[in-house]
2 protein chains.
Amino acid sequence: MLEPQQNALLGLLPEEDLAHLLPHLEQVTLSLGQSLSESGRQMSHVYFPLDAIVSLLCVMEDGASTEIAVVGYEGIVGVSLFMGGETTPSRAIVQSAGTAYRLKGQLLKNEFYRAGPMQRLLLRYTQALLTQMAQTAVCNRHHSVDQQLCRWLLLSLDRLPGDKLIMTQELIANMLGVRREGVTESAGKLQRAGLISYNRGHITVIDRPGLEKRVCECYAVVKREYDRLLNHHDVM
Amino acid sequence: MLEPQQNALLGLLPEEDLAHLLPHLEQVTLSLGQSLSESGRQMSHVYFPLDAIVSLLCVMEDGASTEIAVVGYEGIVGVSLFMGGETTPSRAIVQSAGTAYRLKGQLLKNEFYRAGPMQRLLLRYTQALLTQMAQTAVCNRHHSVDQQLCRWLLLSLDRLPGDKLIMTQELIANMLGVRREGVTESAGKLQRAGLISYNRGHITVIDRPGLEKRVCECYAVVKREYDRLLNHHDVM
DNA sequence: CCAACTCAGCACGCTAACGCACATAAGCCT
DNA sequence: AGGCTTATGTGCGTTAGCGTGCTGAGTTGG
């Protein structure tokens, strides 16, 4: 059984605050490719992933896209609701199927405007998101597809229980905003180096330390900032 | 004389809330290249630019950098203070000299945690910043230096009183995270097309509509979102 | 007024990534 | 089994942007 506390934000909340929300939290299954938020559309709920992963994508008129951030058990999908804008121009797509708890948008806003621990927590999380987006921008600019693939794999791995992910090269290419063939090539290198094994949409990470050696600094910067902003000691 | 209300955030604040802050607002001159915030360092003040422009840069270990957002009269530098993280891994550099009002960080936080109009305003602004960063990331990935230069020029122009900016190609290259020669080439095209005139660090925009024709959609997306989030009607 | 410096422009060759066209290959569904 | 769809691997030519080295035109300051 999956408990709401497996989501890091909910888990960091003091018991009484969590108790407020518990009756309204609804467990849902998220399936691969499902959209939780479309550009410019108001979300009815926010989502607290448990073992699912959600990608925030920025999609352009011609259909080209790039992942700007990834959200897993450590976060929440639907930041724009409590930030006051209600909508975002970006899209939220389930990148790895799994489970999440969801909460009606209005209830989250109520909790947020009580200005208690939940507010502090959500604001700190949003700042972590800012950092992730900034680092993604600079990584897009300066680093090779090889490095970005490593970063992407590690970010996903950190949000998954095991060492397997279900993901075609086509989809990874959409996330990274590169050609499918580019991913084929980079993934091939990683496979030949014995770091991952790739099999028709099923990736198994064999040598995680090896990936960490190849990845650019962007991964560590983001991870460090999440750890700093969302550790139990500072937040509560 | 420059009034605090020339900053859009301060200008949107109801009179009584602004009155709270006025005695503590200190006018300062920002000079080109001045750093307002270093990676991981706590800021003592937040800044409300009037006619100055500040770039938020993400700098990497090897010194390569990319601008992730630009802040002018419409915004505030120092979002991380009220978001709870206190520091950011990014750097804030004055990109166009001018004037700003500044406020002690603690005073801003006090005002923020009163949970009044200022809080709503700052949160909405932060969401606009999120959008700008996301769009920058996707633009870095998919658009040519030509297009990005147009975007950058227009974003700067929107934040300046006139049609001139003081900025060498070298600095623009740092912002965009490209080679200086790349900027030379793109700027040359714009100059030959009669859109701008370039003269040793002095750029004059001659044909703004022409720039708007060449720019990628990223500019409009960001502008629209700022207008939506920070118009007087919705915020207050 | 000349020297030093800064800024802009140009000419290479180089490489990563692109777009496109195929060739397999592996699972899926009668 | 056989044919379909989907996923992956490869091999082109093309191109945008990079790194480097250099030229020359302004600007500044002694």
Side-chain angles (χ1 to χ4, degrees), chain A residues 32-33 60 62-67 95-96 137-153 164-193 195-204 214 216, chain B residues 32-33 60 62-67 95-96 137-153 164-193 195-204 214 216:
Chain A
L32 182 61
M60 293 189 308
D62 66 359
S65 66
T66 303
E67 181 182 88
Q95 178 217 299
S96 179
V138 74
C139 196
N140 277 354
R141 165 63 66 208
H142 292 289
H143 295 144
S144 66
V145 174
D146 285 24
Q147 291 179 303
Q148 292 182 51
L149 178 59
C150 288
R151 173 174 64 81
W152 189 88
L153 284 170
K164 288 184 200 316
L165 45 164
I166 297 177
M167 177 64 42
T168 66
Q169 300 185 347
E170 179 81 43
L171 289 176
I172 297 180
N174 282 154
M175 306 282 178
L176 296 182
V178 299
R179 274 189 325 160
R180 200 263 312 155
E181 293 89 330
V183 175
T184 300
E185 206 167 324
S186 290
K189 284 185 204 168
L190 295 182
Q191 184 149 358
R192 282 190 292 278
L195 304 179
I196 63 172
S197 108
Y198 214 120
N199 190 285
R200 285 186 77 70
H202 294 251
I203 309 175
T204 308
R214 296 202 171 207
C216 50
Chain B
L32 182 61
M60 293 190 307
D62 64 0
S65 66
T66 303
E67 181 182 87
Q95 177 218 299
S96 178
V138 74
C139 196
N140 278 354
R141 165 63 68 205
H142 292 289
H143 295 144
S144 66
V145 173
D146 285 22
Q147 291 179 301
Q148 292 182 51
L149 178 59
C150 289
R151 174 175 62 82
W152 190 89
L153 284 170
K164 288 185 200 314
L165 44 164
I166 296 177
M167 175 65 42
T168 65
Q169 299 186 347
E170 179 80 42
L171 289 177
I172 297 181
N174 282 154
M175 306 282 180
L176 297 182
V178 300
R179 272 189 326 161
R180 199 259 314 154
E181 292 87 338
V183 175
T184 299
E185 205 168 323
S186 290
K189 285 185 205 169
L190 294 182
Q191 184 149 355
R192 282 190 293 278
L195 304 178
I196 63 172
S197 109
Y198 214 120
N199 189 286
R200 285 186 75 71
H202 294 251
I203 310 175
T204 308
R214 296 202 171 207
C216 49

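Below, read A as the first sequence line, B as the second, and so on, with proteins coming before strands; counting in each chain starts at 1. Because the structure is predicted, anything quoted here is derived from the model rather than measured.
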Inset, instruction - Quick one: closest heavy-atom pair of B:Leu176 and A:Arg141, and the distance? - result: O-NE, 3.0 Å
Inset, instruction - When you get a sec, tell me which of C:dG27, C:dA8, D:dT8 is the closest nucleotide to the side chain of B:Tyr198? - result: C:dA8
Legend entry - Minimal non-hydrogen separation, A:Ser96 against A:Leu32, with atom names: N-CD1, 4.4 Å
Inset, instruction - Side-chain contact test, heavy atoms from C-beta onward, threshold under 4.5 Å: evaluate it for A:Leu195 versus A:Lys189 and give yes or no. - result: no
Legend entry - Under 4.0 angstrom between B:Gln169 side-chain N/O and C:dT6 OP1 or OP2: no
Legend entry - Axial bend angle, the helix from C:dC1-D:dG30 to C:dT30-D:dA1: five-pair end segments, nearest 10°: 30°
Inset, instruction - Could you tell me whether a side-chain N or O of B:Asn140 sits under 3.5 Å from a main-chain N or O of A:Ala137, the two making a donor and an acceptor? - result: yes
Legend entry - Separation of C:dC7 C1' from B:Ile203 CD1 (nearest whole Å): 12 Å
Inset, instruction - State, with a plain yes or no, whether a side-chain heavy atom of A:His143 is found less than 4.5 Å away from one of B:Met60. - result: yes
Legend entry - Side chain B:Glu170, main chain B:Arg180, donor-acceptor under 3.5 Å: no
Inset, instruction - Identify, residue by residue, the members of residues 174-193 of chain A with a heavy atom below 4.0 Å from DNA chain D, and return them in order of residue number, or none. - result: A:Arg180, A:Glu181, A:Thr184
Legend entry - Nearest-nucleotide comparison on DNA chain C, the residue closer to the 5′ end among A:Arg200 and A:Gln148: A:Gln148
Inset, instruction - Please check if atom CD in B:Gln191 has more than 12 non-hydrogen atoms from other residues, nucleotides or ligands closer than 6.0 Å. - result: yes
Legend entry - For the student: nearest non-hydrogen atoms of B:Leu153 and B:Ile203, plus distance: CD2-CD1, 4.2 Å
Inset, instruction - Provide, to the nearest angstrom, the distance between the CD atom belonging to A:Glu170 and the P atom belonging to C:dA26. - result: 19 Å
Inset, instruction - Whole angstrom is fine here: how far is it from CG in A:Asn199 over to C1' in D:dG9? - result: 14 Å
Inset, instruction - Work out which heavy atom in B:Val145 is nearest to a heavy atom in B:Ser186; give both atom names and the distance. - result: CG1-OG, 3.5 Å
Inset, instruction - Could you list by number each residue of residues 137-146 of chain B showing a heavy-atom separation from DNA chain C of less than 4.0 Å, or answer none if no residue does? - result: none
Inset, instruction - Taking B:Ser65 for its side chain and B:Asn174 for its backbone only, find out whether a donor-acceptor pair lies under 3.5 Å. - result: yes
Inset, instruction - Flag yes if more than 12 heavy atoms outside A:Glu181 fall under 6.0 Å of its CD atom; otherwise flag no. - result: yes
Inset, instruction - Take atom CG of A:Leu171 and atom C1' of D:dT6, then tell me their distance rounded to the nearest Å. - result: 12 Å
